[in-house]
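Below, chains carry the letters A, B, ... as their sequence lines are ordered, and counting in each starts from 1. All values derive from a computational prediction rather than experimental measurement.
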Number of protein chains: 2
Amino acid sequence: MEIALQIKMNEKLFLRNPELSALGKKIIQHSIQLIHKNGFESFTFKKLAADIGTTEASIYRYFENKHRLLIYIAAWYWSWLEYRVSVNTMNIKDPAVRLKRVIKLLTAVVEDDIKTTYFNEDILHQIIIAEGTKAYLTKHVTEDNKDQLFKPYKDLCAKIGEIILDYNPKYKYPKSLASTLIEVAHFQNFFMHNLPSLTDFGKDKDESKIVAFLEDLVFSSIKN
Amino acid sequence: MEIALQIKMNEKLFLRNPELSALGKKIIQHSIQLIHKNGFESFTFKKLAADIGTTEASIYRYFENKHRLLIYIAAWYWSWLEYRVSVNTMNIKDPAVRLKRVIKLLTAVVEDDIKTTYFNEDILHQIIIAEGTKAYLTKHVTEDNKDQLFKPYKDLCAKIGEIILDYNPKYKYPKSLASTLIEVAHFQNFFMHNLPSLTDFGKDKDESKIVAFLEDLVFSSIKN
DNA sequence: CATACTTGATAGCTTTACTATCTTTTTAGA
DNA sequence: TCTAAAAAGATAGTAAAGCTATCAAGTATG
């Protein structure tokens with residue numbers, strides 16, 4: 001049995017759906033590799049075209065520009081994370097256990113037994129850590145938001161907020177704590193690897209330390 | 001009596017010290033305005049030159065490129081914040097009170113009685129919220145870090161970490177909590193204004209709500 | 001087998017991101 | 001106050017980025 005994870009993406013994220021053609025999939029696959037290798041700033045459609053063996057014009061048929069492609073990749077990532085949160089918290093009654101699962105999922109990409117995608121999810125996780133915020137830290141965030149481009153991120157956040165409320169219905173900041181959790185998981189990871197003196201995990205570079213910090217942070221806050 | 005705040009900046013941040021000439025000051029002043037108005041992505045030295053009434057070449061004599069200029073502005077901001085933290089926590093014994101002062105300083109620019117700079121600090125605060133992380137979210141963060149470009153950020157973080165330890169010497173994550181506090185203060189502000197459903201303050205857009213959230217977050221964590 | 005759609009190939013245009021050089025103006029100090 | 005050196009202005013030029021347009025070739029589908 002072959003399982004392919006198909007995530008339904010907002011039509012506004014692309015000009016032509018990259019999931020529906022070989023070239024489209026190559027664009028996503030090679031984008032992730034190139035952005036990971038050289039960073040988003042030095043990433044261009046010309047370089048991407050050369051890497052794939054196609055032309056710049058062909059890529060512009062799929063995405064308006066490289067920023068839209070980044071939003072697409074980020075949206076895919078958030079949808080995928082929400083899916084994994086759903087799967088991993090299913091049938092678990094205890095909200096504390098569910099929250100701990102969420103924290104683990106946010107912090108590191110755990111090896112899945114089923115290979116669901118045509119690209120490396122761990123690399124995807126890494127580029128979201130380093131480049132993900134650039135998707136919305138722009139002057140056109142409001143228009144992009146109106147086009148629902150950040151819906152997967154907001155859905156994930158809402159879902160985590162629900163779990164927080166399940167644990168403690170009286171907690172006053174479920175949504176802010178959820179978005180904080182997501183961002184801090186990424187930032188602490190980036191700092192640990194790149195600006196270690198901003199963290200307490202510089203020496204060992206161990207992701208489980210971030211998990212411990214986040215668990216401490218979240219559970220102290222929501223304990224009444 | 002005239003008080004001018006002179007912050008000693010790392011020599012590697014610029015080619016020619018912008019604080020030491022009228023043109024240099026104009027570069028900083030107009031950069032802040034332009035980045036605030038149009039965002040860092042659409043900001044160019046050509047536009048900046050036109051805005052000032054000088055030439056592109058003249059600006060390149062002060063800064064290698066626009067990214068270095070952003071790092072300069074960010075470094076100035078962090079130094080300024082650290083200075084304000086020092087002043088505002090001076091002579092206060094109670095670490096709880098000191099921490100609360102820090103949280104307020106991180107969250108909003110309080111009107112100062114003394115005008116110390118030639119640009120609007122509130123606008124500076126806003127551009128750091130929206131663009132500040134782009135200073136270090138790059139592929140060359142490690143080299144930039146070796147050149148000490150992020151020292152003001154790290155110093156501020158260390159100082160806040162110290163205050164956290166003063167409050168509770170047994171707390172295990174002072175540095176991570178400090179960097180979290182700084183970043184979350186900014187992100188929650190950005191979300192509140194631009195992606196309000198990611199926060200619990202969307203309706204009123206009131207900075208004091210962020211302060212309350214951060215106080216709750218920090219003090220629950222560090223209470224033993 | 002026809003035709004609609006996708007991709008490739010090529011060209012071109014504006015803007016960005018610089019570097020170089022020469023002249024004029026400003027400034028600092030002897 | 002004169003002088004020289006430093007800063008700023010003026011101008012030009014180049015490579016790459018960020019697109020858009022057009023037409024031909026290949027491929028899928030009914």
Side-chain angles (χ1 to χ4, degrees), chain A residues 9 11-31 34-35 37-73 118 131 134-135 138-140 143-144, chain B residues 9 11-31 34-35 37-73 118 131 134-135 138-140 143-144:
Chain A
M9 303 291 285
E11 297 276 324
K12 298 226 173 175
L13 286 164
F14 47 75
L15 299 172
R16 195 193 305 272
N17 192 337
E19 303 262 11
L20 300 181
S21 73
L23 180 60
K25 284 176 188 170
K26 271 191 182 173
I27 289 173
I28 303 304
Q29 196 177 14
H30 286 75
S31 295
L34 272 185
I35 293 173
K37 197 177 164 205
N38 306 317
F40 185 64
E41 277 69 40
S42 88
F43 170 76
T44 70
F45 278 4
K46 190 162 224 156
K47 289 175 190 168
L48 175 60
D51 200 53
I52 295 174
T54 183
T55 59
E56 227 183 327
S58 294
I59 294 168
Y60 276 105
R61 289 178 183 124
Y62 282 85
F63 293 98
E64 263 182 64
N65 53 54
K66 70 170 185 167
H67 188 257
R68 281 285 166 134
L69 175 50
L70 179 66
I71 297 181
Y72 178 91
I73 290 172
Y118 48 90
E131 322 284 0
K134 294 171 190 169
T138 67
K139 275 286 158 183
H140 44 90
E143 297 114 79
D144 289 351
Chain B
M9 303 291 285
E11 298 276 323
K12 298 227 174 175
L13 285 164
F14 47 75
L15 299 172
R16 187 188 311 242
N17 191 338
E19 303 262 12
L20 300 183
S21 72
L23 179 60
K25 284 176 188 169
K26 270 192 182 173
I27 289 172
I28 303 305
Q29 196 178 14
H30 286 74
S31 294
L34 273 184
I35 294 173
K37 196 176 164 207
N38 306 317
F40 185 65
E41 276 67 39
S42 87
F43 170 77
T44 70
F45 278 5
K46 189 162 222 154
K47 290 174 190 167
L48 176 60
D51 200 53
I52 295 175
T54 183
T55 60
E56 230 183 325
S58 295
I59 295 169
Y60 276 106
R61 288 179 184 124
Y62 282 84
F63 292 99
E64 262 182 64
N65 53 52
K66 70 169 185 168
H67 187 258
R68 281 285 167 134
L69 175 50
L70 178 66
I71 297 181
Y72 178 91
I73 291 172
Y118 49 89
E131 323 284 0
K134 295 170 191 170
T138 68
K139 275 286 158 182
H140 44 91
E143 297 115 79
D144 289 351

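Partner B/F63 forms a side-chain contact (heavy atoms from CB on, under 4.5 Å) with one of B/L13, B/L70, B/I27 and no other, that one being B/I27.
Across its full length, the helix from C/dC1-D/dG30 to C/dA30-D/dT1 shows an angle of 30° between the axes of its 5 terminal pairs at either end, rounded to 10 degrees.
Not counting sequence neighbours, the partners of B/T55 by the side chain to side chain donor-acceptor pair (under 3.5 Å) test are B/S58. Judged as a salt bridge (charged side-chain N to carboxylate O under 4.0 Å, His left out), and not counting sequence neighbours, the contacts of B/K134 are B/E41, B/E131. In this structure B/F40 satisfies the ring-ring contact (aromatic ring centres under 6.0 Å, His included) test with no other residue, sequence neighbours excluded. With sequence neighbours left out, the side-chain contact (heavy atoms from CB on, under 4.5 Å) criterion links B/E11 to B/K8, B/F14. Scanning for salt bridge (charged side-chain N to carboxylate O under 4.0 Å, His left out) contacts around B/K37 gives an empty result, with sequence neighbours left out. Residues that satisfy the side-chain contact (heavy atoms from CB on, under 4.5 Å) test with B/K139, not counting sequence neighbours, are absent from this structure. B/E64 pairs by the side-chain contact (heavy atoms from CB on, under 4.5 Å) definition with B/L15, B/R68, not counting sequence neighbours.
With rounding to the nearest 0.5 Å, the separation of CZ in B/F43 from NE2 in B/H30 is 11.0 Å. Separating the CD atom in A/E19 from the CG atom in A/N17 is a distance of 6.0 Å, to the nearest 0.5 Å.
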Base-contact (B) and sugar-phosphate-only (S) positions in nucleotides 6-12 of chain D, heavy-atom cut-off under 4.0 Å, - elsewhere: -SBBBB-
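With a cutoff of under 4.0 Å to any heavy atom of chain B, the contacted region of DNA chain C is bounded 5' to 3' by C/dT16 to C/dT21.
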Intermediate values then yes/no, side-chain hydrogen bond (donor to acceptor under 3.5 Å, both in side chains), B/Y62 and B/S21: CA-CA 10 Å; B/Y62 282 84; B/S21 72; 2.5 Å; yes
side-chain contact (heavy atoms from CB on, under 4.5 Å) between B/K66 and B/I71, worked out: CA-CA 9 Å; B/K66 70 169 185 168; B/I71 297 181; over 6 Å; no
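The nearest heavy atom of DNA chain D to B/K46 and to A/Y60 marks one nucleotide each, and the one closer to the 5' end goes with B/K46.
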Donor-acceptor contacts under 3.5 Å from residues 45-53 of chain B side chains, at least two apart:
from: B/K47; atom 1: NZ; to: B/S42; atom 2: O; distance (Å): 2.5

Please enumerate all protein N or O atoms sitting under 3.5 Å from an N or O of nucleotides 25-30 of chain D, with distances to 0.1 Å.
none

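Nucleic acid contact class of B/K47 (heavy atoms, under 4.0 Å, all strands): sugar-phosphate only.
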